[in-house]
Amino acid sequence: MLFSNLLIPTLKDAPQEAEIVSHKLMLRAGMIRKAASGIYTWLPLGLKVLKKIENIIREEMDGSGAQEVFMPMVQPKELWDETKRWDKMGLELLRIKDRHERDFCLGPTHEEVITDIIRNNVKSYKQLPLNIYQIQTKFRDEVRPRYGIMRGREFLMKDSYSFNIDESSLQETYILMRETYKKIFNRIGLDFKISKADSGAIGGDSSEEFHVLAENGEDTIAISDGSEFAINTELLLSEGEDIDSLEGKPSPDGKGIIQIKKGIEVGHIFKLGKLYAESMKTNVLNADGKASTLYMGCYGIGVSRLVAAAIEQNYDEKGIIWPHNISPFDINIISIGHNKEKEITEAAISLYDQLTKMNYSVLLDDRNVGYGSKIKDSELIGIPLNIIIGKNYIDNKEIELIARNGDKSMNPVDDIKTILNFFKN
RNA sequence: CGGGGUAUAGCGCAGUCUGGUAGCGCACUCGCUUUGGGAGCGAGUGGUCGUAAGUUCGAAUCUUACUACCCCGACCA
């Protein structure tokens, strides 16, 4: 795509309202703009990243055998009365009325809706297990939205709900989701920990959280430096532990020592058991022909929050450093003197066509501005690889490769292999 | 909701104390020259100073109320 055609309103200075790195950089890179506190518009660049993450999640969920659906954002009060949550939930449940004065809410989650679907459409154990997911906008009227997209009121979430005939089937799905989540976060390119968590208001048997380790995380987790062990300190606090004294002690699993870290919660998996199935009378006939209440699990990923989390873990003083798999573009071709120097313009377009045909997503910076502006913007928006076409092309048919990680090299213009090698590792 | 802070052009800011009809940098528009680290010169565009009321001959500036936004806390699948 041509830079000059895209709406990428980059900023030299971060707006006063932004406090943390990811929020500042998302605003400066022209990825998002605020509509109201905790409510944002995703501009083209931000949306590209969001979609990349969404697609990784979708591919892995589909790969696990889960099925995608799309549920309504506006939900009727009646369903929420069945689980008593219309009354139990606080003001974070945004209640609205339609023109007939009928009560609705903006969905903060979808257990009620999906359970209603299942109880009305699944009658036999033979149809189970089922794992149904969606990627959809949620609304929670948070007491205090903050940090831009990180803790918004409106946000994008992948939520899935499994329906199992018994506890062991639920356990199987739970483990499958746990493994699927690992694949997802690894593909996105994040450093994360799985920690035991407080299952909170939602209840249920047990739950684990996936945390991206980052300075600006809102959660405090105790991790072992020598194993997978991790636990949310909320859980320890409720057990009366003194968190400060834990740092440096041996890990309970005997491997490594405990460190206290900040984490951003990007995923949460729960075994719900019969909780919702019972209150919503959800059962099927089992092999003995008897009605059997279903076991449920639910599994969430904060899709939009992942964008911020990825930035919190990958940036420097110049801007964002996207992990390759979620970068809005793979390559930025910086054409110096584009549309002025015929040779350069033609070479840039030719390279653009070649790389695009090879299925790379390529940005061509054709703007009539100097090299400095172009490379600064590219560094800010975090494109992994820049290809510079300028004087050196005219003089001896050479282009320069500048990776966002700092690596540089001069190469013959027809040395596409070197460019491709960049994406091999 | 408790505590703290901010609000002047798209972004960053000055001007407010001491009232006199709004300014700087960047961005934007036009022209010419430029093009390998945020270009130069010249000419321009853009603001009912968050909203409302009050004091005053006169309010960005003083008074009162309100609103929005941010931070800490409480809250949080």
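In the text below, chain A, chain B and the rest are named by the order of the sequence lines, each starting its count at 1.
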Do the side-chain N and O atoms of Glu312(A) and Ser22(A) include a donor-acceptor pair separated by under 3.5 angstrom? yes

Contact class for Tyr147(A) (heavy atom, under 4.0 Å): base, sugar-phosphate, or nothing? sugar-phosphate

Between rG38(B) (P) and Arg28(A) (CZ): distance, integer Å: 15 Å

Proximity of Tyr295(A) and Phe163(A) rings by center, below 6.0 Å: no

Strand partner of rA43(B), provided both Watson-Crick or wobble distances fall under 3.5 Å: rU29(B)

Between rU35(B), rA39(B), rG37(B), which nucleotide gets closest to the side-chain atoms of Ile336(A)? rU35(B)

Within this structure, what is the CD-to-P distance between Glu17(A) and rC11(B), rounded to whole angstrom? 9 Å

Establish, yes or no, whether a centroid distance under 6.0 Å links the rings of His268(A) and Phe210(A). no

Do Thr10(A) and Asp377(A) meet the criterion of a side-chain donor-acceptor pair at a distance under 3.5 Å? yes

Between rC24(B) and rU63(B), how many Å separate the two P atoms, rounded to a whole number? 28 Å

Atom P, compared across rA65(B) and rG3(B): separation rounded to whole Å: 15 Å

When the C1' atoms of rU6(B) and rG20(B) are considered, how many whole Å apart are they? 27 Å

For nucleotides rU48(B) and rA60(B), find the distance between their C1' atoms and express it as a whole number of Å. 12 Å

Given rG38(B), rG37(B), rC11(B), the nucleotide with the shortest approach to the side chain of Asp13(A): rC11(B)

On a heavy-atom basis, which atom in Ser373(A) and which in Val369(A) lie closest, and how many Å separate them? CB-CG2, 3.9 Å

Any strand: nucleotide that pairs with rG50(B) via Watson-Crick or wobble, under 3.5 Å: rC66(B)

Under 4.0 Å, counting only non-hydrogen atoms across every strand here, what does Gly300(A) touch: a base, just sugar-phosphate, or nothing? nothing

Nearest whole angstrom, please: distance from the P of rC70(B) to the CD1 of Ile39(A). 11 Å

Would you kindly compare Ile388(A) and Pro145(A) by the position of their nearest RNA chain B nucleotide and give the one closer to the 5′ end? Ile388(A)

For the residue pair Tyr181(A) and Gly267(A), what are the closest heavy atoms and their distance? CE2-CA, 4.4 Å

Taking the minimum atom-to-atom distance to the side chain of Val143(A), which one of rU34(B), rA74(B), rG37(B) wins? rA74(B)

In this structure, how many angstroms lie between the P atom of rU35(B) and the CD1 atom of Ile334(A), rounded? 17 Å

Pair His324(A) + Phe422(A): ring centers closer than 6.0 Å: yes

Can a side chain N or O of Arg146(A) be found less than 4.0 Å away from OP1 or OP2 on rC72(B)? yes

Please state how far atom NZ in Lys34(A) lies from atom P in rC69(B), giving the value in whole angstrom units. 6 Å

Give one of base, sugar-phosphate or nothing for Glu379(A), where a contact means two heavy atoms less than 4.0 Å apart. base

Identified pairing partner of rG73(B), criterion: Watson-Crick or G-U wobble below 3.5 Å: rC1(B)

Within the structure, does a side-chain N or O atom of Ser37(A) lie under 4.0 Å from either OP1 or OP2 of rC70(B)? yes

Between rC11(B) atom C1' and Asp377(A) atom CG, what is the distance in whole Å? 14 Å

Nearest of rG12(B), rA39(B), rC70(B) to any side-chain atom of Glu19(A)? rC70(B)

Between rG37(B), rG12(B), rC69(B), which one does the side chain of Pro15(A) approach most closely? rG12(B)

Students often get this wrong, so: under 4.0 angstrom with heavy atoms, is Gln16(A) touching a base, only sugar-phosphate, or nothing? sugar-phosphate

Can you tell me, in whole Å, how much space there is between the C1' of rA27(B) and that of rU18(B)? 35 Å

Looking for any heavy atom pair under 4.0 Å, which part of the strands does Asn368(A) touch: base, sugar-phosphate only, or nothing? base

Heavy-atom count around Glu215(A) CD within 6.0 Å, excluding the residue itself: above 12? no

Classify Ala14(A) by what it touches in the nucleic acid, base, sugar-phosphate, or nothing, heavy-atom distance under 4.0 Å. sugar-phosphate

Let me know the distance between NZ of Lys12(A) and P of rG10(B), rounded to the nearest Å. 18 Å

Name the closest nucleotide to the Arg144(A) side chain, picking from rC71(B), rC69(B), rG38(B). rC71(B)

Write down the distance separating the C1' atoms in rC49(B) and rC41(B), rounded off to the nearest Å. 32 Å

If the cut-off is 4.0 Å, is Tyr393(A) near the phosphate of rU35(B), judged by side-chain N/O to OP1 or OP2? no

Using Watson-Crick geometry (N1-N3 plus N6-O4 or O6-N4) or G-U wobble (N1-O2, O6-N3), each under 3.5 Å, rU61(B) is paired with none

Between P on rC75(B) and CD on Glu218(A), what's the gap in Å once rounded to a whole number? 13 Å

Can you check the distance between rU21(B) and rU29(B), where both ends of the measurement are the C1' atom (answer in whole Å)? 28 Å

Classify the nucleic acid contact of Glu92(A) as base, sugar-phosphate or nothing, counting any heavy atom under 4.0 Å across all strands shown. nothing

rG12(B) -> Watson-Crick or G-U wobble partner, both distances under 3.5 Å, gives rC24(B)

How far, in whole Å, is rU56(B) from rG19(B) if one measures between their C1' atoms? 9 Å

Using heavy atoms to find the nearest nucleotide of RNA chain B for Ser373(A) and Leu11(A) separately, return the residue whose nucleotide is more 5′. Leu11(A)

rC69(B), rU35(B), rG37(B): which one has an atom nearest the side-chain heavy atoms of Lys340(A)? rU35(B)

Report yes or no: is the cationic atom of Arg33(A) (NZ for Lys, CZ for Arg) closer than 6.0 Å to the six-membered ring centre of Trp42(A), at no more than 45° off its axis? no

Across all strands shown, which nucleotide pairs with rG19(B) by Watson-Crick or G-U wobble geometry, both distances under 3.5 Å? none

